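Accompanying notes for the structure given below.
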There are 6 protein chains.
Amino acid sequence: MSKLTSIFLSLSLSLSLLILTSHASVQDFCVADLSLPAGPAGYSCKSAANVTVADFVFTGLRKGGNTTNIINAAVSPAFDAQFPGLNGLGLSIARLDLAPGGVVPFHTHPGASELLLVVQGTIVTGFVSSFANKVYVKKLVKGDLFVFPQGLLHFQINGGGRTAVAFASFSSANPGLQITDFALFGNDLPSVLVEKTTFLDDAQVKKLKAVLGGSG
Amino acid sequence: MSKLTSIFLSLSLSLSLLILTSHASVQDFCVADLSLPAGPAGYSCKSAANVTVADFVFTGLRKGGNTTNIINAAVSPAFDAQFPGLNGLGLSIARLDLAPGGVVPFHTHPGASELLLVVQGTIVTGFVSSFANKVYVKKLVKGDLFVFPQGLLHFQINGGGRTAVAFASFSSANPGLQITDFALFGNDLPSVLVEKTTFLDDAQVKKLKAVLGGSG
Amino acid sequence: MSKLTSIFLSLSLSLSLLILTSHASVQDFCVADLSLPAGPAGYSCKSAANVTVADFVFTGLRKGGNTTNIINAAVSPAFDAQFPGLNGLGLSIARLDLAPGGVVPFHTHPGASELLLVVQGTIVTGFVSSFANKVYVKKLVKGDLFVFPQGLLHFQINGGGRTAVAFASFSSANPGLQITDFALFGNDLPSVLVEKTTFLDDAQVKKLKAVLGGSG
Amino acid sequence: MSKLTSIFLSLSLSLSLLILTSHASVQDFCVADLSLPAGPAGYSCKSAANVTVADFVFTGLRKGGNTTNIINAAVSPAFDAQFPGLNGLGLSIARLDLAPGGVVPFHTHPGASELLLVVQGTIVTGFVSSFANKVYVKKLVKGDLFVFPQGLLHFQINGGGRTAVAFASFSSANPGLQITDFALFGNDLPSVLVEKTTFLDDAQVKKLKAVLGGSG
Amino acid sequence: MSKLTSIFLSLSLSLSLLILTSHASVQDFCVADLSLPAGPAGYSCKSAANVTVADFVFTGLRKGGNTTNIINAAVSPAFDAQFPGLNGLGLSIARLDLAPGGVVPFHTHPGASELLLVVQGTIVTGFVSSFANKVYVKKLVKGDLFVFPQGLLHFQINGGGRTAVAFASFSSANPGLQITDFALFGNDLPSVLVEKTTFLDDAQVKKLKAVLGGSG
Amino acid sequence: MSKLTSIFLSLSLSLSLLILTSHASVQDFCVADLSLPAGPAGYSCKSAANVTVADFVFTGLRKGGNTTNIINAAVSPAFDAQFPGLNGLGLSIARLDLAPGGVVPFHTHPGASELLLVVQGTIVTGFVSSFANKVYVKKLVKGDLFVFPQGLLHFQINGGGRTAVAFASFSSANPGLQITDFALFGNDLPSVLVEKTTFLDDAQVKKLKAVLGGSG
């Protein structure tokens, strides 16, 4: 063993011994153990001994979701619940596929800002500012970026004649997603309450409740 | 001068000298100087020499806003822009006045969770969870509390025959407020885009745009 | 089934499938499961399937605590340990009842700033700034607000002839509460140490230790 | 004016008046004013009146940087200094272009985790864990994601015969970038110090110092 | 110019150009510019061009403060106001010198936890937990560490016959310091209010007010 | 029982009852339970009933690690895994022992800034800024402080003829430590990849791999 080898082994040993004697390993990541209950900051960490490179890789977004529906759209998330390596790291991503005529209706992410990157086609997108109700709308092409500040209503629409694909990065491993139409009409909140709190007409509310499987 | 006096004066001096020589005062609060531009964490701090007890007191919510309108409701905020002492402290408050029949329409706070306290009358309130679209609704009486997790759609309605008053605390000095109807209809976002992104009928959109002063 | 229905069901399905296959549900709240150990960021989340509207409501502050004691005061907390829906949301509340002559002695909240709202009667309150020892004191009436920056010594006193009630909001779900007299005299810290670290006289320390059940 | 119109105008007025009287506008974003000094949380906010949709759009990454160099690689950042709309929102992005044989040498981002998305070609990437020195390496194809926990050494190499393109999202608007070779050899740190702190041979250090414009 | 040189120059150029064109430099530190007003997250950053190694070095704690007073103690802070390089980095330090018989009276740090390291002599220290009033006390020798959770009352006393020296690290660049005696007696808060809020006797309050320069 | 006693007992009771009925204790610290899995914010909290003063004290740094190796250096951490009382408090510490000629090679802490305090001897230390590659180097003597911004490469070298000792405080309870040489050469990353990503010569890489126990 060379002198240099023993230098490092000594240093390494010095670090390792203290760590070993504490019966706990120091980690610089916290891959989610989805079998345990989460807490406010995310999931419990998988034991370091069981972590492999597969925990840091996600191949589920190679293809988009099925867009052969009327809206010609699919949203495929890679949040911490799908991609455990993101746990505790404060970022995540989702894939948007918008076939011609496709639309992602008005929605919010309660827990994160979003950075949209168009990788194919063209997308018209915009968000509404909260106090002035000012709308910021833009048509984006491949390579363009658009940022949506946290929690504000925004939408995406295919802006051209071919399928558009985008990736949306989020400033949280669990940004949430609340689609306004689903929230208002896709449940059992009585129509009279929906009408009183949205100023929509009764016929409109009942029509959308019927569409979205809501009741009441 | 007693011995005890000199003890403290010495200690005090020791602390003070270092502080004075640095040409900067150590503060344990940061009252907003609204005349300077804000940053992501809030406003610049007012000079400590100019801070008075008035900066930590807000009397603007003694009375509610005017509810002699059709919705019989008023929302009066005491956020950092109204109450500079809150700057940087991570909390704020607003007063809700709901005359009989009053309603605060569906809305979100993009930057904070909310804790509602009813201090007079009864209020029916609820929020919608983002993924399951599950609705959590409750009728509250005086002294009751309801918590709305950050960024989720919620509403308040007067639940009785007399004026109701509530105070909503927020986990941010600047929680924001986005009223869905205002965001969707109170601006110049073209009707065709609103319809495409909300699935509402054209007549419904145009009716509400007219009501809310929107165009397009 | 209408075309519009299928639109939404497709979109919904696309979101749901990915989520289901990950064996973990995405949540936008984290109701405390008080049966599990807490962590630095709060309690573990109750399973979403078991969450009900009751988790977001707290009725324990409809009435104040018993003030038929000499200080004519009661402090009733609604922190995460009492109100599990607050877990991870960064805010909480407490009710203060101050009968005539009532007082909440000097205390701090180690983990939060406080926003006091008077809802009945009058309260004299104040806090002490840390370096200048400057005192900010104010007499508040119904509807007034006072903010106490994090960790600083403050007090509340009934300022009138009738019972006063206030609600204190906090910028943490677990703000803590350290009443100075309890901390100094309500335990077994030897009197000689208390005297040396507070400069109080021996008789004074022993008198308050006797009152507060301290020993040593 | 209809009754409904006046409802909203009243509510709107109630909100607006308080805000106007405070001589400060409430914002839900903070577009960077790059002409003012930054602070620890980012840049000062541009006046809301001067914010336009252009602040939320970035088109600078439509094309990659010039890869006609020997490493056949270019890194093009869209951080807050390039894309002011990101200020304070906790996320940013960069484009990587790797021509055949291209490489991004070992580097770290001192202030953020990174989520890499391959949009063209194949990339071999990996990071080194801090205590075990364990290496996690993977060959990625189009649509694949890889997450690099904050602050750890990692690299990217073109893994195929054609140009590869990837976008790296970061959990900070200003993640930083420290390329190890630049840090060690691209400055005036004396060779003797470099050798003592890296255990590299003198000839090796001097060779790389010469290459990278270092001195000493 | 070698091939390798041009590799790096190309890469460097690619990074630099984008940065330069944005008229803002990317920084990985934020040395305080004490001439500008602070904000909630700290001071504005000094221009990078003006930063020197002196900003990251502090030599003011080579010697302790003057302990030739009755308490035989001195506290010398190196917070952001004294040591501008700490700005925004979330840590700071102070030196404690305790001559024989020396004491740092009960105090709190409103904004930080503290980690005490004894470097000379022996120190008896302790803190009081907030709800149980439980006291944790220990006699420390050279090389020992003691951690005080944020905001809780604690003290330090010289535990031996010779001068003790310790360094206290804090989890904030501006932890604050509120010495209970100073807060209660070193200002113009009327004695009657002090007595009502501390349950101390009138004579005791007036004695300490006299000592500490308080009035009222 | 005196009147004053009953005052406090009443108040105490009022606080205690609510807490007890919630079957959860309010804590103002979170001592790590190392037997349970950690989460992104740290370890689960030990039951308050089992916490003792020993949890807040660490005596493991009274002596330095063994420096009778060629680098004459030892790094001894007191992070949360070694010192459970630090859990969740955002700070930790390590001891550096540098015998004559000793060196701590270039390294980073991925999760924290560092504040170095020299307590014996002299140390030459420095860090490299990320974009300008500017080096900040200084020779420190006893009592001097040096701050290293988060995630940047830095080193320490004994600057004199006798053993030097320093303590490094960190702005995290788990700052991590990545020694560049270990990361690059102490594992099975193939030499060809190391060379391609570091521009080091093959002989140099293989020499250091041999020294550090790497393979490939």
Side-chain angles (χ1 to χ4, degrees), chain C residues 71 101 103-113 124-137 149-157 175-190 193-194 196-201 203-205 207-208 211-214 216, chain E residues 71 101 103-113 124-137 149-157 175-190 193-194 196-201 203-205 207-208 211-214 216:
Chain C
I71 57 163
V103 58
V104 182
F106 262 113
H107 63 282
T108 62
H109 304 286
S113 292
V124 174
T125 190
F127 76 89
V128 190
S129 174
S130 78
F131 268 82
N133 303 313
K134 182 165 178 180
V135 189
Y136 300 91
V137 179
Q150 179 168 335
L152 299 179
L153 280 164
H154 60 287
F155 65 88
Q156 287 97 12
I157 297 177
L177 167 59
Q178 183 163 56
I179 298 175
T180 308
D181 270 353
F182 279 61
L184 297 180
F185 310 116
N187 49 46
D188 59 359
L189 184 63
L193 279 184
V194 177
K196 194 167 177 58
T197 55
T198 62
F199 298 96
L200 295 173
D201 295 335
Q204 179 73 84
V205 169
K207 178 178 174 184
L208 285 170
V211 167
L212 293 165
Chain E
I71 56 164
V103 58
V104 181
F106 262 114
H107 63 282
T108 62
H109 304 286
S113 292
V124 173
T125 190
F127 75 89
V128 189
S129 174
S130 76
F131 267 82
N133 302 314
K134 182 165 177 179
V135 189
Y136 300 90
V137 180
Q150 178 167 334
L152 299 180
L153 280 164
H154 59 287
F155 66 88
Q156 287 97 13
I157 297 177
L177 167 59
Q178 183 163 55
I179 299 174
T180 307
D181 270 354
F182 278 60
L184 297 180
F185 310 116
N187 50 45
D188 59 359
L189 184 64
L193 279 184
V194 177
K196 196 168 177 59
T197 54
T198 62
F199 299 97
L200 295 173
D201 295 335
Q204 179 73 84
V205 169
K207 179 177 174 185
L208 286 170
V211 167
L212 293 165

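Labels below follow one simple rule: chain letters A, B, ... track the order of the sequence lines, proteins then strands, and each chain is numbered from 1. None of these values were measured; they are calculated from a predicted model.
When all heavy atoms of C:Asn133 and E:Asn187 are compared, the pair lying nearest together is O-ND2, 2.9 Å. The two atoms that bring E:Phe199 and C:Asp181 nearest to each other are CD1-OD2, 3.2 Å, heavy atoms only.
Highest contact tally toward chain C, considering only E:Val194, E:Val124, E:Leu200, is held by E:Leu200 [criterion: heavy-atom pairs under 4.5 Å]. Each of E:Pro110, E:Gly151, E:Gly214 has some count of heavy-atom pairs under 4.5 Å with chain C, and the biggest count is that of E:Pro110. With chain C as partner, the option from E:Leu184, E:Asp188, E:Leu193 having the largest number of non-hydrogen pairs under 4.5 angstrom is E:Leu184.
E:Phe106 and E:Phe155 have perpendicular rings, their planes meeting at more than 60° on a 0 to 90° scale where under 30° would count as parallel.
In this structure, the portion of E:Ile157 lying under 4.5 Å from any heavy atom of chain C is its side chain and not its backbone.
Applying the side chain to side chain donor-acceptor pair (under 3.5 Å) criterion to E:Asp201, with sequence neighbours excluded, gives C:Lys207.
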